[in-house]
Structure formats: C-alpha cells, structure tokens
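The next block holds one structure in the form of structure tokens; read it before the comments.
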Protein chains: 2
Amino acid sequence: MPGRPRLANDAWEALLTAHAQMMRRLAAEDVWCEVSMREYDVLYTLSKCPEPIRLGELNRRVLLSQPALSRMVDRLVERGLVRRERDAGDGRGVLLSLTTTGRAQQRTTGRPHALGVARAMTTTFDDQELTALRDLCRKLAEHEAAAEVA
Amino acid sequence: MPGRPRLANDAWEALLTAHAQMMRRLAAEDVWCEVSMREYDVLYTLSKCPEPIRLGELNRRVLLSQPALSRMVDRLVERGLVRRERDAGDGRGVLLSLTTTGRAQQRTTGRPHALGVARAMTTTFDDQELTALRDLCRKLAEHEAAAEVA
DNA sequence: TCGAGATAGATGCATTTGCATATACCTTAG
DNA sequence: CTAAGGTATATGCAAATGCATCTATCTCGA
C-alpha cells in the first residue's frame, strides 16, 4: 500500500500518460487539415462563450503563453475565423468572438473530432467510469482554478 | 442524464482542463531553472528505464515529434545529461541512457517537483479518489497503447 | 548474394513558441 | 487634474517544433 505522496504522484503520472496517449490518437485522426488541434482548442473555447471574451480570459482556458495566444488569434483573425474588437469599456483590452465562418469551421472540425473522442472513451469505459473520471477531473480543475487566484 | 457520447466528451474535456490547470500550476513552481518541464519529462522517462532504450521507444512515451525529440536529445547529450550510443545489434538505432550527472539532475529537479505534485493532488483528493483517478487513467492509457498497435 | 522495400534516426526549413520587454490605456493617491 | 503605478495586449528575437525528406542500415525473397 503506497504512501499518500506516492499515490498522488502515481495518479498524476497516470493522468499525464493517458493525456499523451489520447492526444496522439486524436492527432492521428484525419480532421486537422483545416485547423490544427491548438487552433481548434481556441475555436472550441470561443464557441462555448455566449458573448465575446477578453484575450486574458481566453488565455486562462488555453494552455499557451499570452504572446503565443495573441499571435495565434492574429492568424485566426487573418483567416476570418475570429473577430477581434477593442473593448469599448476598457481601451486596453480586446473582445474575441467567432465569426460565422469560424463557428462553421468549429462545427465542421468538431463533429468528427467528437466522434473520435467518443469512440476512444466509450470503448474503454462504461458509463459509471466515465462519470467518475469526469467528476474527478472537474474537481481537480476547479481546485486548481481556485488555487491560482490566491 | 447525458447520452453516452456526450458523457464521453465531457469526461475528455474535463481531463484536458485538469491537465491544463495542473500544468500551469506546476510550471509556475520554481524548479525549472536547470531543465525545462519537457526536458524533465525525458530525463524522468529515462530514469525509469533499467537499461538504455531506443529513441523510438522514448518517443512512444514522450509527446513530441520524432525530429523534435531527436534534437532535444542532442541538446541533453551536449549538456552531458544523456548518453547516446549506437546500438551494436542494429546499426540504424541509438541507445539512450542517463549519465551520472543526468541522473543527479533528474533527482534534483524531481524531488521538489514531486512535492509540488503531491501538494496539489493531496489537497484536492482523498486516498480513495487518488486511487480511482490513477486506475481510470491507467486504464485509458493502456487501452490507447493497445489500440495504436493495431 | 543481391536488390527492393522497410525501418531508425538525422537534417533542411518554415512556422510557432516563450521570454523579455514595449506600448497603450486605466486607476488612484495627492 | 496629474503623475506614478498597474493592467491588457503586442512585438523583437532567439529557441524549439513539426513536416517533409534524406541517409544509413536492416530484412527478405528471388
């Protein structure tokens, strides 16, 4: 019976490995010709927002440095997928949202991608396990989100 | 009650979010001055191998493209942390292992890093949850590892 | 034994990333 | 109202990354 710190590290290592394996599998799916996985991450995050969000807010949800994200948004704006407008209430900030094209692209890429995710996860887990994994991961994410404020 | 595919995607999204949040937190820990997180990933993976392994084998466990990994190994060899020798049994391949310095560096970086991981995970989860998360993630990783052979 | 095809790893090159820092704008004490 | 300090995003630049491809070596059937 492993000690608590050991167990904690084993769990984290397992999560890392699972993440890496799944990323590989999903990267191999033939759906990333129009937008890359990282770009999709941005499009998907924006697609979930009912209204425009700040770059900083987007940055909190996407694992990229602020400058890298800023430039990725440049490219997506250039390609007509994302709209970037100055925030009227705070002239420093920008407000980001999907264009109609961007939303369409997100759906076009997202549909087969979601199928791939579902295929991988449902062949591995039953409903109870899926729920357990989802809840554990949400708990971890929320705990970290709360911690970073402090 | 969500459908099965929906549940599968929610679980994956939660895993991704948890991963991203933890990575941010761990990246913020003040232990990455000597080796970066990705370099540590390589050193750690090698440290777990009882004997030298191939670049391709290492590549299977580290989420980097083959060329990127090849060059990262270049740099680690240059810095004296990794040994790279031609495989006597197969002249195309190389065998990688940690040098004494590399092993020491892995420990030096790994100790405080592991503490950070333990801090984050144990403040979030009890033992039962840690075990559940570990086992679920291992199951997913193993399922994917088995799938990629096919 | 030889040559076609397969495999392991390295390299050229354009793109992307992160770090440090600059710029623009906001906030607030005085 | 202003200047000092803070916050949001952008930019310069070196380093790292991925894709395509190359080289070297291995395998195997004729």
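Keep in mind that what you see is a predicted model, and the values were worked out from it rather than measured. Sequence lines set the chain letters: A, B, ... in the order given, protein chains first and strands last, and positions in each chain run from 1.
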What nucleotide, of [options], holds the atom closest to the side chain of [X]?
X	options	result
P67(B)	dC19(D), dG18(C), dG9(C)	dC19(D)
D90(B)	dC26(D), dT11(D), dA8(D)	dC26(D)
R92(A)	dG6(D), dT7(C), dG18(C)	dG6(D)
L55(B)	dC19(D), dC13(D), dA10(C)	dA10(C)
Q66(B)	dG18(C), dT17(D), dG9(C)	dG9(C)
R71(A)	dT11(C), dT17(C), dT17(D)	dT17(C)
R84(A)	dG18(D), dC26(C), dA10(D)	dA10(D)
R75(A)	dT17(D), dG9(C), dT17(C)	dT17(C)

Between CD of E85(A) and P of dA10(D) the distance, given in whole Å, is 13 Å
Starting from C1' on dG9(C), measure out to CD1 on I53(B) and report it in whole angstrom.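 These atoms are roughly 14 Å apart.
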Same cluster or not: are L96(A) and L64(A) linked, directly or through other Ile, Leu, Val, Met, Phe, Trp or Tyr residues, by side-chain heavy atoms under 4.5 angstrom apart?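 In one cluster: yes.
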Option among R111(A), R119(A), R24(A) that satisfies the salt bridge (charged side-chain N to carboxylate O under 4.0 Å, His left out) test with E29(A):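 The residue from R111(A), R119(A), R24(A) that satisfies salt bridge (charged side-chain N to carboxylate O under 4.0 Å, His left out) with E29(A) turns out to be R119(A).
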R134(B) and A11(A) have their tightest heavy-atom pair at CB-CA, 3.8 Å
If you assign each of L64(A) and D87(A) to its closest nucleotide in DNA chain C, which residue comes earlier from the 5' end?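 Upstream on the strand: L64(A).
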Between H113(B) and Y40(B), how do the two ring planes meet: parallel, tilted or perpendicular, split at 30° and 60°? perpendicular
